[in-house]
**Q** 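Quick one: this structure, given as C-alpha cells, is what I'll be asking you about.
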Amino acid sequence: MQPRGVSIVAIGDEVLYGYTVNTNASYLASQLVKRGVFPVRHIVVPDAADDIEQAIRGELGAGHDVITIGGLGPTLDDLTRTVVSRLFNRPLVPSAVVVQDLLKRYGEAFPTISDQSMQPEGAVLFLNQVGTAPGIFLEDKKLFGDSRLFVLPGPPHELKNISAQIFPIYFPEPKEHVYELRFLSLAEHDIDPVLRQLQQQFPYVRLGIYPSYGLVGVHVSGDESLEVVEKLSTTFRRFLLHDSTLEAAVLRLLLKRGWTLATAESCTAGGLSARIASIPGASDALLGGVVTYSSQGKEEVLQVPRESIDRFGAVSTQVTEHMAAGAKALLHADVVCSVSGYFGPSGGTQTAPIGTVCATFSLPHKIVSQSLFFKGTRESICEKTIQTLLAKLVLLLQE
Ligand code: ATP
Ligand code: MG
C-alpha cells in the first residue's frame, strides 16, 4: 500500500512575502516524519479565498491529507473557515462547545466569541487551550475519498497545542521508526560513500542525509534499520553526537571530567559563550568569557604581545594561543577556547582573507590550534564558526 502523503498548506500574505518565516511548516513536517509519515508538499498561499480553495481542493483531490496553517482568526484577512465550509458544503453554524469554552476562559465581554464559535457543520473540533480558534478536522468520502483535512491556527504555540491533540489520533505512533543519528565534524562526502554501500547491502532501508555546519544528520527508517544504525554507529563511533545539541554535549562532557571552561572571543563577540550559557546548569562549568575585539583589547586584557599581532596578524593561531593563555590566567579555567577571524564584508589581509578564522583549544593535557576558512555573509560565517568550534570542543572533550 502506498503510504499516505501529507501536504502542508500555509495561508497568509505575511508568510508568502517573507515577513514571517514558515516555522510552523517545518515544525509540523518534522513531527510527521518522527511518526513515520512523510510530507509530500509545502505550499504557501496568499490571504485570498480562491487561492486557498484551489490549493486545498487540489491536494485533497490528489489523494493527500492536508494540514492548513493560519487564517482562523476573527480579522478581515482570516478566510480559512469560510473557504473550508464552502469546499465541504458545510455551512458555518455556532458551536455550543466553543461558545462555552470561550465564555469560561475569556468572559462575556470578549468581543469575538460569536464569530469565533462559527464552525463548519459536523466538523470535529479541537479546543484551543492557549488561544481562541479551535482546530478543525473534516473528511468527506464522497468528495475527497480517504483524504483528510486538518485546519490549524497560525500562532506557533496554538498550532503546537492543537497538533499535539490531533497527531496521536490521526497519525498514531509510527508504523516504522525513524532513527536519527548525528555526526560531528564530518562532511557529507565522508558519509555518503558509506551510505551508498549500506543502501546496496540493505535495499529496503530508507536513508536520508541532512548536513548542517559542524554536524551531519542521517535518518534511517524501514526494514533492517537497526542493522544499518548499528553499522553506521560503529563506523563513525568517534563522531557520534549523543546529546540534543552541541552545547549540551560540551557541558555534559565538561561536567563528566570535572573541568571548567572559559572563552576568549574576538570575531564572535561572545556568541560562543552565549551558546554554552543557554544550557541550564552552565554555571557549573562555564566560568566566563572575555571579548576583545580590538588589538588593543587583546594586548591589554589578554596580554597578547604586540609583536605577535604585528608579525602574524590579529587573525593567526599565534595570537589565538596567546589569547587562550591570557584568558586561562585571568579566569583560571581548565579549558579555554579562543577565536579570532575576519567575517567581512570588509577587512581581511592577503594571508588571512575574509572568512579566515583561527582558534585555539587549550586543555589540561594539550593545546590544539586550527586555522579554518568559511565562505558566506558576515552573519553566516559567524554561525558556521560557532558551530564548528562547538563541534571541535565536543570531539576534544570526548577523546
Ligand atoms: P489569529 O487568531 O492570531 O489571527 P490565525 O489562525 O488567523 O490566528 P494568522 O492570522 O494567519 O493565524 O497568523 C497569526 C500569527 O501566527 C502571525 O502573525 C504569525 O506570527 C504566526 N504565523 C502564521 N503563520 C505562520 C507560519 N506558517 N509559521 C510561523 N508563524 C506563523
Ligand atoms: Mg489571523
Side-chain angles (χ1 to χ4, degrees), residues 5-34 37 39-56 58-59 64-88 90 92 94-95 97-107 109-120 123-138 148-167 171:
V6 180
S7 292
I8 298 171
V9 179
I11 296 164
D13 291 349
E14 55 174 309
V15 182
L16 191 62
Y17 300 160
Y19 303 143
T20 295
V21 178
N22 198 353
T23 54
N24 285 338
S26 82
Y27 174 77
L28 291 175
S30 62
Q31 293 296 310
L32 287 168
V33 170
K34 284 206 175 103
V37 178
V40 288
R41 308 240 196 297
H42 283 210
I43 297 171
V44 183
V45 294
D47 292 307
D50 287 350
D51 293 279
I52 301 171
E53 181 171 339
Q54 210 176 46
I56 302 176
E59 291 310 299
H64 305 142
D65 282 343
V66 173
I67 304 179
T68 68
I69 301 166
L72 280 188
T75 55
L76 82 162
D77 60 350
D78 290 320
L79 306 169
T80 311
R81 268 179 299 149
T82 315
V83 169
V84 302
S85 119
R86 200 166 59 205
L87 187 61
F88 278 77
R90 308 276 192 106
L92 292 172
S95 157
V97 180
V98 176
V99 172
Q100 251 181 7
D101 177 59
L102 293 178
L103 277 176
K104 194 172 77 198
R105 290 190 303 124
Y106 293 92
F110 193 70
T112 58
I113 289 185
S114 57
D115 178 275
Q116 288 288 68
S117 60
M118 296 298 282
Q119 300 296 334
V124 179
L125 301 177
F126 291 86
L127 293 181
N128 188 331
Q129 291 153 333
V130 291
T132 57
I136 302 168
F137 167 70
L138 279 167
R148 311 174 292 181
L149 175 66
F150 304 89
V151 179
L152 306 183
H157 65 294
E158 299 184 26
L159 174 127
K160 285 179 187 166
N161 180 271
I162 291 175
S163 62
Q165 301 177 51
I166 284 177
F167 280 176
F171 300 97

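In each ligand, atom 1 is the first atom listed, and ligand 1 is the first ligand listed.
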**Q** Could you tell me the separation between the CD1 atom of Ile52 and the CG atom of Leu87, rounded to the nearest 0.5 Å?
**A**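 So the gap between those two atoms works out to 11.0 Å.
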**Q** Any chance you could measure Gln119, atom CD, to Arg90, atom CZ, to the nearest 0.5 Å?
**A**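 Going from the CD atom of Gln119 to the CZ atom of Arg90 covers 12.5 Å.
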**Q** Could you tabulate the donor-acceptor pairs under 3.5 Å formed by side-chain atoms of residues 130-137, not counting sequence neighbours?
**A**
from: Thr132; atom 1: OG1; to: Gln116; atom 2: NE2; distance (Å): 2.6

**Q** Would you please name every residue forming a side chain to side chain donor-acceptor pair (under 3.5 Å) with Asp50, sequence neighbours left out?
**A**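 Partners of Asp50 by the side chain to side chain donor-acceptor pair (under 3.5 Å) criterion come out as none, since no residue qualifies.
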**Q** Closer than 4.0 Å to some heavy atom of Gly73 - which atoms of ligand 1 meet that?
**A**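 Close to Gly73: 1 (P), 2 (O), 4 (O), 5 (P), 6 (O), 7 (O).
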**Q** Would you mind reporting whether Leu28 and Leu152 have side-chain heavy atoms less than 4.5 Å apart?
**A**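 With C-beta onward as the side chain, the pair touches.
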**Q** Identify, with sequence neighbours excluded, every residue that meets salt bridge (charged side-chain N to carboxylate O under 4.0 Å, His left out) alongside Glu59.
**A**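 Once residues adjacent in sequence are excluded, the partners of Glu59 under the salt bridge (charged side-chain N to carboxylate O under 4.0 Å, His left out) criterion are Arg41.
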**Q** Starting at CD1 of Ile162, measure out to NE2 of His157 and round the result to the nearest 0.5 Å.
**A**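 NE2 of His157 is found 10.0 Å from CD1 of Ile162.
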**Q** Going by distance only, is there an N or O of Pro156 that falls short of 3.5 Å from an N or O of ligand 1?
**A**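 In fact, backbone or side chain, Pro156 has no N or O that close.
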**Q** Which heavy atom in Val9 sits nearest to a heavy atom in Ala55, and how many Å separate them?
**A**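 So the minimum-distance heavy-atom pair works out to CG1-CB, 4.2 Å.
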**Q** Below the 3.5 angstrom mark, is there an N/O of Gly70, backbone or side chain, next to an N/O of ligand 1?
**A**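 In this structure, Gly70 places no N or O atom under 3.5 Å from an N or O of ligand 1.
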**Q** For ligand 1, which atoms have a heavy atom of Thr20 less than 4.0 angstrom away?
**A**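 Contacts of ligand 1 toward Thr20, numbered from 1: 29 (C), 30 (N), 31 (C).
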**Q** Contact between Gly71 and ligand 1, counting heavy atoms under 4.0 Å?
**A**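 Yes; Gly71 lies near enough to ligand 1 that a heavy-atom distance drops under 4.0 Å.
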**Q** Any N/O of Asn24 closer than 3.5 Å to an N/O of ligand 1?
**A**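 Looking only at distances, the answer is yes, because the N/O contact criterion of under 3.5 Å is met.
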**Q** Is there a side-chain contact between Leu92 and Pro120, using heavy atoms and a 4.5 Å cut-off?
**A**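 Yes, close enough: below the 4.5 Å cut-off.
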**Q** Give the total of protein N/O/S atoms at a distance below 2.8 Å from the Mg ion (ligand 2).
**A**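 Counting protein N, O and S atoms closer than 2.8 Å to the Mg ion (ligand 2) gives 2.
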**Q** Rounded to the nearest 0.5 Å, what separates atom CG in Asn24 from atom NE2 in His42?
**A**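 If we round to the nearest 0.5 Å, Asn24:CG and His42:NE2 are 11.0 Å apart.
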**Q** Give yes if a backbone or side-chain nitrogen or oxygen of Gly154 is under 3.5 Å from a nitrogen or oxygen of ligand 1, and no if not.
**A**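 For ligand 1, there is an N or O atom that lies under 3.5 Å from one belonging to Gly154.
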**Q** Which atoms from ligand 1 have a heavy atom of Val21 less than 4.0 Å away?
**A**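 Answer for ligand 1: 28 (N), 29 (C).
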**Q** Give the atom numbers and elements of ligand 1 that come within less than 4.0 Å of a heavy atom of Asp78.
**A**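 Taking each heavy atom of Asp78 in turn, ligand 1 has 4 (O), 7 (O), 10 (O) under 4.0 Å.
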**Q** With heavy atoms of Pro153 as the reference, note each atom of ligand 1 found under 4.0 Å away.
**A**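 Contacts of ligand 1 toward Pro153, numbered from 1: 6 (O).
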**Q** Is there side-chain contact between Ile69 and Asn22, with at least one heavy-atom pair below 4.5 Å?
**A**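 Result yes, sub-4.5 Å side-chain heavy-atom pair found.
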**Q** Please list the nearest protein heavy atom to atom 8 (O) of ligand 1 with its residue and the distance rounded to 0.1 Å.
**A**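 It is Pro155 CD, 3.3 Å.
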**Q** Evaluate Asn22 for polar contact with ligand 1, using N/O atom pairs at a separation under 3.5 Å.
**A**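 Yes.
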**Q** Quick one: does Phe167's side chain get under 4.5 Å of Leu32's, heavy atoms only?
**A**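 They are in side-chain contact.
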**Q** Among the heavy atoms of Gly12, does any lie under 4.0 Å from an atom of ligand 1?
**A**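 No, Gly12 has no heavy atom closer than 4.0 Å to ligand 1.
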**Q** Looking at Leu72, which atoms of ligand 1 are within less than 4.0 Å of one of its heavy atoms?
**A**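 Result: 5 (P), 6 (O), 7 (O).
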**Q** Is there a nitrogen or oxygen of Ile69 sitting under 3.5 Å from a nitrogen or oxygen of ligand 1?
**A**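 It does not: no N or O of Ile69 is found under 3.5 Å from an N or O of ligand 1.
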**Q** When you compare the side chain of Val98 with that of Leu127, does any pair of heavy atoms fall below 4.5 Å?
**A**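 Yes. Closest side-chain heavy atoms under 4.5 Å.
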**Q** Near Glu14, which atoms of ligand 1 are under 4.0 Å from a heavy atom of that residue?
**A**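 Near Glu14, the atoms of ligand 1 are 17 (C), 18 (O), 19 (C).
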**Q** Which of the atoms in ligand 1, numbered in the order shown and given with their element, are less than 4.0 Å from a heavy-atom of Thr23?
**A**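 It comes down to these atoms of ligand 1: 28 (N), 29 (C).
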**Q** Nearest 0.5 Å, what's the CZ-CZ distance between Phe126 and Phe150?
**A**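 Rounded to the nearest 0.5 Å, the CZ-CZ separation comes to 8.0 Å.
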**Q** Flag Thr75 as yes when one of its N or O atoms lies below 3.5 Å from any N or O atom of ligand 1, and as no otherwise.
**A**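 No - when backbone and side-chain N and O of Thr75 are compared with those of ligand 1, no distance drops under 3.5 Å.
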**Q** Mind checking the CG-CG spacing from Asp13 to Asp47? Nearest 0.5 Å is all I need.
**A**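 Those atoms lie 4.0 Å apart.
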